[in-house]
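Working notes, structure below.
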Amino acid sequence: MAESVHLNRRGVLFVLSSPSGAGKTTISRMMLEADKDIALSISATTRPPRPGEIDGVHYHFVDTENFKKMAADGEFLEWAHVFGHRYGTPRAPVEDLLAAGKDVLFDIDWQGAQQLYQEAGPDVVRVFVLPPTMEELERRLRSRNTDSDEVIAARMERAANEISHWDGYDYVLINDNVEGCFDEVRAILRAERLKRRRQIGLIGFARDLIRAVPDADKKL
Ligand code: 5GP
């Protein structure tokens, strides 16, 4: 069988947002495991690490002074205040990944999605994951078994706030089944990769196909 033709393409900046508990982290992990052509953007944050979180893997944990300096020096592609802490996307690693031909996955909130879109326009694909019901979201938050009623209530309020920004996204999915939702996310990525404007080698490729037919291009 002939090898499939591989053309260069512009990388996708793939944003996955959702309220916490809607399954975004699981889906991100599944995507990164299933597809070697997409890599995660690791954000910087001023919030303290949670148990089990590793500096440089889950986040770059920095103090507020450092964060402010990075922001002033233009080191972030976007940054925002989220729940009383600062979170930002370091610019250089994203540029390196795109230059290496990778797509980049962003686990950022609606403010980040908006800023990234302002910065990188049509290279950005924004996907929002909704829970099937708020009861189910609360059940998922409680099943983590770590938070008090007050903390759960605060998270539910934040979730409602986050959900109110659903219309700033290109795709909105309902996660009532994680495998199904993962399939949908992969389908979106696959289709976005095939968009004509991302396939930068197409002009020459199509020209060569036409030229292979004697005199065909003269009649076009
Ligand atoms: P957590 O503290 O639970 O890890 O994340 C809290 C929220 O911050 C999540 O909605 C997450 O998507 C968002 N977030 C994480 N990193 C960034 C970032 O670099 N920029 C923005 N705008 N939001 C982020």
Side-chain angles (χ1 to χ4, degrees), residues 13-32 39-64 66-98 104-120 124-131 137-138 140-148 151-166 168-173 175 181 185:
L13 279 67
F14 199 87
V15 176
L16 204 55
S17 301
S18 80
S20 88
K24 169 187 59 176
T25 310
T26 311
I27 290 166
S28 305
R29 204 179 308 130
M30 289 165 89
M31 271 181 88
L32 294 166
L40 183 67
S41 159
I42 300 169
S43 298
T45 182
T46 58
R47 88 149 160 74
R50 298 192 186 116
E53 283 184 335
I54 302 164
D55 187 32
V57 175
H58 299 94
Y59 281 104
H60 301 288
F61 295 100
V62 298
D63 59 25
T64 304
N66 243 319
F67 192 101
K68 283 185 177 167
K69 187 176 179 318
M70 289 170 79
D73 291 346
E75 287 184 35
F76 292 126
L77 260 178
E78 63 77 33
W79 74 269
H81 290 278
V82 188
F83 314 144
H85 296 289
R86 289 165 207 247
Y87 292 79
T89 301
R91 184 187 294 274
V94 174
E95 287 171 353
D96 291 347
L97 286 167
L98 291 174
V104 186
L105 177 63
F106 299 85
D107 172 346
I108 59 180
D109 79 335
W110 65 274
Q111 305 171 83
Q114 211 171 62
Q115 288 180 55
L116 205 60
Y117 186 73
Q118 279 159 10
E119 189 86 11
V124 181
V125 176
R126 296 159 295 179
V127 180
F128 195 77
V129 179
L130 289 172
L137 185 76
E138 184 165 347
R140 288 180 196 169
L141 288 176
R142 286 192 186 279
S143 72
R144 293 178 180 180
N145 240 344
T146 49
D147 298 321
S148 64
V151 172
I152 298 279
R155 282 179 183 263
M156 290 298 291
E157 211 171 295
R158 286 179 199 163
N161 180 283
E162 188 76 22
I163 289 170
S164 73
H165 299 284
W166 66 275
Y169 287 78
D170 304 302
Y171 298 89
V172 180
L173 307 177
N175 182 15
C181 193
V185 170

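Whatever order the structure lists ligands and atoms in, that order sets their numbers, starting from 1.
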For ligand 1, is there an N or O atom under 3.5 Å from any N or O atom of [X]?
X     : answer
Ser18 : no
Tyr87 : yes
Val82 : no
Trp79 : no
Ser43 : yes
Glu53 : no

Tell me whether [X] contacts the main-chain N or O of [Y] through its side chain, where contact means a donor paired with an acceptor under 3.5 Å.
X      : Y      : value
Asn175 : Ala22  : yes
Thr46  : Asp63  : no
Ser17  : Ile108 : yes
Asp73  : Glu75  : no
Arg91  : Phe76  : yes
Glu78  : Ala113 : no

- Counting heavy atoms only, which part of Arg155 comes closer than 4.0 Å to ligand 1: side chain, backbone, both or neither? neither

- Relative to ligand 1, is Arg47 under 4.0 angstrom through side chain, backbone, both or neither, heavy atoms considered? side chain

For [X] and ligand 1, answer yes if some heavy atom of the residue is under 4.0 Å from a ligand atom, otherwise no.
X     : answer
Ser20 : no
Lys24 : yes
Tyr59 : yes

- Note on the structure: The complete set of side-chain hydrogen bond (donor to acceptor under 3.5 Å, both in side chains) pairs with one or both residues in residues 49-58, sequence neighbours excluded, reads Arg47-Glu53

[X]: numbered ligand 1 atoms lying under 4.0 Å from its heavy atoms:
X      : result
Gly88  : 18 (C), 19 (O)
Glu78  : 18 (C), 19 (O), 20 (N), 21 (C), 22 (N)
Thr89  : 19 (O)
Ala80  : 22 (N)
Gly112 : 22 (N)

Considering only non-hydrogen protein atoms, determine which one is nearest to [atom] and report residue, atom name and distance to 0.1 Å.
atom                    : answer
atom 12 (O) of ligand 1 : Asp107 OD1, 2.9 Å
atom 3 (O) of ligand 1  : Arg50 NH2, 2.9 Å
atom 22 (N) of ligand 1 : Asp109 OD1, 2.8 Å

- Task: Would you please test Arg158 and Ser20 for side-chain hydrogen bond (donor to acceptor under 3.5 Å, both in side chains) and show each step?
- Result: CA-CA 9 Å; Arg158 286 179 199 163; Ser20 88; over 6 Å; no

- Message: Angle between ring planes, His165 versus Trp110, binned at 30° and 60°: parallel, tilted or perpendicular?
- Response: parallel

- Note on the structure: side-chain contact (heavy atoms from CB on, under 4.5 Å) test vs Phe106 passes for just one of Leu16, Val94, Leu40, namely Val94

- Item | ring pair (Phe, Tyr, Trp, His ring centres under 6.0 Å) against Phe14, all qualifying residues, sequence neighbours excluded | none

